[in-house]
Amino acid sequence: MIRAFNRAATRYGVGSGASQLITGYSRPLQRLEQELADFTGRPRALLFSSGYLANIGVIGALVSRDDAVFMDRLNHASLVDAVIQSRSRFRRYPHGDCLALSRLLSASESRRKWVVTDGVFSMDGDMAALPQICAACRRFDAWLVVDDAHGLGVFGPRGSGTVGHFGLGPDDVPVLIGTFGKAFGVCGAFVAGSEALIETLVQSARSLIYSTAPLPAVAAAVREGLEIIRTESWRRQRLFMLVKRFRRGAREIGLPVQPSDGPIQPMILGASERAVHASHALLAQGILVPAIRPPTVPKGGARLRISLSASHTEAQIDRLLDAMSHDHVFVDP
Ligand SMILES: *Cc1c(COP(=O)(O)O)cnc(C)c1O
């Protein structure tokens, strides 16, 4: 990935020159878009400079003031900001509560309805119940937007994300958003969908039109990342082996493990002071685990956010568990 980045930087420079609609659309961007369309099984994909900008642009272009939007209470802040900016009527349903979502959808009299959800919730690590959400969308004629920033590259066959994990397709999830800052290990984002969707976004997503295009060198690095995601499934097997090892060990020492089967393993400690203390204690032992506090998470939900990766070793997982088992902040309520 570094080699690809360097080669492209040497060839194209370290800037992109302008917005994609002026002169910023380069060959590496075009190739990456094509590969992402193939990867997600959709006709087209479109790049954005970040996930935040993708969400602002997509929601801004698609959702109009008369529409109704329904979102999970734990959706990523960028989706919340995007929906607020759209000035549509929006309601948040309790985390993971598909029954509440169905009730809201059935009671809505809006001409056009949207359901917007994270694929994997970024601070809790659990997956959205996409099959049930898709069923509700079909039943009540709502459009589904899934931001799979933490799902792509990690879950599903060949890293196809939560959509692939549940065996769903473009008809179930017409608007799929992914980012390159997590499993891809770079930065940037994309939206994948129908020809009509992408053309609409090219014509009217303001965060695309009025912002400098992603760097060719970044796109070149992401292309290599995508190739690794597609072909090196041993990394996912290794990651999930480490996740299991961590969860088993954590349960054994009485830690409050959460219902997350992926690399994000939150340890909810309640008060911010407790989370910060725990984070410092681990750092003193050479283990970097950030404390996440309100307003990033709900009040009283301060936590350690443990992020596992395929490049961790079993010994590192055991050392983390050992450090946590000897700190009273974890084992005492
Ligand atoms: C990280 C994240 C984003 C933001 O992506 P950036 O590329 O960092 O701007 C958006 N949505 C979700 C669900 C995320 O986890």
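Read the numbers this way: they start at 1 and go in the same order the structure lists the ligands and their atoms. For reference, positions follow the sequence shown, starting with 1.
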Check each atom of ligand 1 against the heavy atoms of [X] and keep those under 4.0 Å away; list them by number with element.
X	result
Y52	4 (C), 5 (O), 6 (P), 9 (O)
S122	15 (O)
K182	1 (C), 2 (C), 3 (C), 14 (C), 15 (O)
S78	10 (C), 11 (N)

Check: Hey, is S50 touching ligand 1 through its side chain, its backbone, both or neither, going by heavy atoms under 4.0 Å?
Finding: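 Both backbone and side chain of S50 come within 4.0 Å of ligand 1.
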Next item on the list: Considering only protein heavy atoms, determine whether one is less than 4.0 Å from atom 6 (P) of ligand 1.
Entry: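 Under 4.0 Å from atom 6 (P) of ligand 1, at least one protein heavy atom found.
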Check: Q34 and Q30: side-chain hydrogen bond (donor to acceptor under 3.5 Å, both in side chains), yes or no, with the steps?
Finding: CA-CA 6 Å; Q34 187 55 56; Q30 185 191 31; over 6 Å; no
Checklist line | side-chain contact (heavy atoms from CB on, under 4.5 Å), paired with R92, selected from V80, N75, D72 | finding: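 Result for side-chain contact (heavy atoms from CB on, under 4.5 Å) with R92: V80.
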Note to self: Between the side chains of R73 and D97, is the shortest nitrogen-to-carboxylate-oxygen separation below 4.0 Å, so that they form an ion pair?
What the structure shows: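 Between R73 and D97 there is no salt bridge, as every charged N stays at least 4.0 Å from the carboxylate O atoms.
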Notebook entry, point to check: Should V58 and V116 be counted in the same cluster of Ile, Leu, Val, Met, Phe, Trp and Tyr side chains packed under 4.5 Å apart?
Noted result: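 V58 clusters together with V116.
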Check: Going only through I, L, V, M, F, W and Y residues with side-chain contacts under 4.5 Å, is there a path from V243 to L320?
Finding: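 Yes, V243 and L320 fall within the same hydrophobic cluster.
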With only distance considered, is [X] within less than 3.5 Å of ligand 1 through an N or O on each side?
X	answer
G51	yes
D147	yes
H150	yes

Check: Which pair of non-hydrogen atoms, one from S207 and one from F48, has the smallest distance, and what is that distance?
Finding: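 For S207 and F48, the tightest heavy-atom pair comes out as OG-CE2, 3.6 Å.
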Notebook entry, point to check: Can a non-hydrogen atom of G181 be found less than 4.0 Å from any atom of ligand 1?
Noted result: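 No; G181 lies far enough from ligand 1 that no heavy-atom distance drops under 4.0 Å.
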Residues 208-226, side-chain donor-acceptor partners within the protein, below 3.5 Å, at least two apart:
residue	atom	partner	partner atom	Å
R223	NE	E35	OE1	3.1
R223	NE	E35	OE2	3.1
R223	NH2	E35	OE2	2.7

Checklist line | Nearest protein heavy atom with distance in Å, relative to atom 3 (C) of ligand 1 | finding: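 Looking only at protein heavy atoms, the one closest to atom 3 (C) of ligand 1 is H76 CE1, 3.4 Å.
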Notebook entry, point to check: Which distance, rounded to the nearest 0.5 Å, do you find between the CZ of F5 and the OG1 of T10?
Noted result: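 These two atoms lie 10.0 Å from each other.
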